[in-house]
Amino acid sequence: MSYRRSPRHREVADTWVSFVQANAAGIAAAGLPGLATKSIEHWDDLLMHGTFDHHEDPSHFAIKKLTEAQYGAFVTLVDSYFAAGYEYFTPMALRPADQDQFAGRHGSR
């Protein structure tokens, strides 16, 4: 028996490359490694854990190591991600105040 993804998941995966291209400046400003945008699964892993908890990462990248300016760019990027219609979940990599703000903005769809 094989695992089947929903048509919605496939649609989201197909738009991922476009999202990354449209947000390249924000990705660079946040200082994110290429692994962050390799796939939507890598991105979601980073948002949930602040690291690549479920993916091999020889660089040991962590959101908590970002400068304030990089973190601000990351928050803006995460906001763009959810505003683009990707399924909302609590991005645990963000500070609690940012999580609360995003829950109010994106959590009630």
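Using a 3.5 Å distance cut-off with no hydrogens or angles, the side chains of Thr51 and Asp53 do not pair a donor with an acceptor.
Using the six-membered ring where Trp is involved, Trp43 and Trp16 have ring planes that are tilted, between 30° and 60° apart. The aromatic rings of Tyr86 and Phe19 lie perpendicular to each other, with more than 60° between the two planes, well past the 30° mark. Using a 30° and 60° split on the angle between ring planes, Phe52 and Phe61 fall in the tilted class, from 30° to 60°.
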Legend entry - side chain to side chain donor-acceptor pair (under 3.5 Å) assessment of Tyr71 paired with Asp98: CA-CA 11 Å; Tyr71 179 80; Asp98 295 320; 2.5 Å; yes
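We find that Glu68 and Arg95 are joined by a salt bridge, their nearest charged nitrogen and carboxylate oxygen being less than 4.0 Å apart.
Side-chain contact between Gln70 and Lys65 is absent, with no heavy-atom pair separated by less than 4.5 Å. With contacts defined as side-chain heavy-atom distances shorter than 4.5 Å, the pair Tyr81/Tyr88 does not qualify. No side-chain heavy atom of Met92 sits under 4.5 Å from any side-chain heavy atom of His49.
Distance check: Ile63 CD1 to Leu94 CG gives 8.0 Å after rounding to the nearest 0.5 Å. The distance from atom CD1 of Ile27 to atom CD of Gln21, rounded to the nearest 0.5 Å, is 9.5 Å. Asp57 CG to Lys38 NZ: the interatomic distance, rounded to the nearest 0.5 Å, is 11.0 Å. To the nearest 0.5 Å, atoms CG (Leu77) and CG (Leu47) are separated by 8.5 Å. Note: His42 NE2 to Leu35 CG = 4.5 Å, rounded to the nearest 0.5 Å. Taking CG from Asp79 and NE2 from His106, the interatomic distance works out to 4.0 Å, rounded to the nearest 0.5 Å.
Looking at every heavy atom in both residues, Ala73 comes nearest to Gly26 through CB-O, 4.2 Å. Of all heavy-atom pairs between Gln99 and Thr90, the closest is OE1-CG2, 3.6 Å. The two residues Leu46 and Ala36 have their closest heavy-atom pair at CD2-CB, 3.8 Å.
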